[in-house]
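Order of the sequence lines sets the chain letters (A, B, ...), proteins ahead of strands, with each chain counted from 1.
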Amino acid sequence: MTRKLLFAAFFSVAATGLHADVIAPDDVAANEYGEVEVSLTGVSGDPARGEEVMTNRGLGNCIACHQVTALDDYPFHGEVGPTLDGAADRWTEAALRGMLVNADNIFPDSAMPSFYRVSGFVRPGNGYTGRAAEGPLEPILSAQQVEDVVAYLLTLTE
Amino acid sequence: LMGTAATLSADEDADLVINGDLEMIVRTEAPDHLDGHLDMIYSGWTFRSDETQAMQMDDFDNPAMLFVEQGIEIFNTAMGTEGNSCATCHETPENLSEVRAVYPQWDEERGEVQTITMQINECVTERMGAEALGWSSRDMVNLEALIASVGRGNVVNVAIDGPARETWEMGREIYYTEYGILEMSCATCHEQNYGNYIRADHLSQGQINGFPTYRLKNARLNSTHSRFRGCIRDTRAETFAEGSPEFIALELYVASRGNGLTVEGPSVRN
């Protein structure tokens with residue numbers, strides 16, 4: 001009993017510690033160009049994990065809509081968005097973070113989803129069940145996953 | 001096309017002739033009420049792979065025709081307290097051949113837009129004394145496949161003026177609303193991106209002239225409303241229920257986007 005309580009206390013402290021520097025979705029500030037200059041976590045992104053997020057259906061699923069030559073090993077790249085080849089030559093880190101957080105920051109009325117937003121949706125669902133979401137919404141990607149994807153996109157030079 | 005996406009090629013210019021003699025209109029000018037949102041409208045058939053297209057060109061190869069057979073059986077079977085079958089009043093399914101092209105339709109007596117599903121249940125409950133069939137139940141979808149099959153080749157011509165207008169406008173509003181956590185509308189996929197791949201899926205215009213559809217993916221007949229549900233669910237949204245006022249309005253609106261194509265159901269899709 002005592003041990004359990006001790007562990008519980010330990011984990012809640014650890015959790016709070018982990019989240020201390022993470023900017024919550026509703027608190028992200030974009031500048032007048034829609035760019036988000038400050039890292040969401042303060043921890044630099046990992047491009048390898050970013051690649052996983054880009055290709056995994058349950059995470060970013062970016063290749064559902066985008067062709068990326070460097071990801072040719074993964075099947076079925078979509079055509080809804082433009083190719084991301086050379087994205088790092090066209091966009092700054094802050095602009096990429098801005099569009100991932102909230103696509104409307106950079107592309108008003110875009111087909112691209114917002115990956116780090118939790119409000120403003122019409123009939124938000126509970127995953128892919130078709131039922132209503134319960135409780136507070138989670139963003140599609142975590143703050144660190146957004147940073148990982150930004151780091152990956154910055155490798156896409158031509 | 002990006003080579004990476006196109007595993008199964010589609011011949012988007014192919015023409016559909018069923019059983020060697022029934023010519024379908026699978027592409028034509030968009031109706032005026034689309035206000036230039038689309039120049040041309042296309043049947044979903046034109047976006048399918050050569051193999052899937054071929055299955056629909058001959059009734060012997062079309063798996064959906066088995067369900068039409070079952071529909072004929074139901075049509076001729078008495079049910080309910082009145083001892084009637086559909087055939088008691090309508091004699092043959094061919095007498096209903098004009099139905100599929102003009103539904104959903106305003107029903108003066110009831111003061112509402114009625115889909116074929118609702119009309120069938122009106123007959124089932126009020127004229128046969130039987131329990132209403134479930135919206136996407138097997139018997140219902142089989143009867144709808146039968147009614148579509150005898151209407152094949154007729155030009156879709158759903159009325160959107162007069163008292164149906166309000167429902168039609170509600171359907172249009174739903175069509176352009178971005179639902180769910182992915183914030184996508186029907187138009188995002190089926191108006192702005194038809195012809196494009198989304199992952200491995202080749203997007204069509206989301207027309208319903210081919211319903212009910214036999215899908216190779218689930219090997220059964222699928223109703224219009226179950227397709228609507230699936231599409232809204234895929235935006236990570238809370239869907240509407242089959243048979244809900246929202247889906248009835250959406251069905252009228254989407255049907256009207258296909259005015260000018262021919263009735264093609266039951267069709268084959270992947």
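A perpendicular orientation is assigned to the rings of B/Phe247 and B/Phe240, their planes being inclined by more than 60° (bins at 30° and 60°). Using cut-offs of 30° and 60° on the angle between ring planes, the pair B/His37 and B/Tyr176 is tilted. Taking the six-membered ring where tryptophan is involved, the planes of A/Trp91 and A/Phe107 are perpendicular, since the angle between them exceeds 60° and thus also 30°.
The shortest non-hydrogen separation linking A/Ile140 to A/Pro113 is CD1-CB, 4.5 Å. For the pair A/Tyr128 and B/Asp234, the tightest heavy-atom approach, listed with the atom from each and the gap, is CE2-O, 3.5 Å.
Only the side chain of A/Arg117 comes within contact range of chain B, with heavy atoms under 4.5 Å apart. For a residue to count as touching a neighbouring chain, one of its non-hydrogen atoms must lie under 4.5 Å from one of that chain's; by this rule B/Ile232 does not touch chain A. B/Thr177 touches chain A through its side chain: at least one heavy atom from C-beta onward sits under 4.5 Å away, while N, CA, C and O do not.
Among B/Thr188, B/Thr235, B/Leu182, B/Asp201, the residue with the largest count of heavy-atom pairs under 4.5 Å with chain A is B/Leu182. When A/Ala132, A/Ala103, A/Pro139 are compared by the number of non-hydrogen pairs under 4.5 Å with chain B, A/Ala132 comes out ahead.
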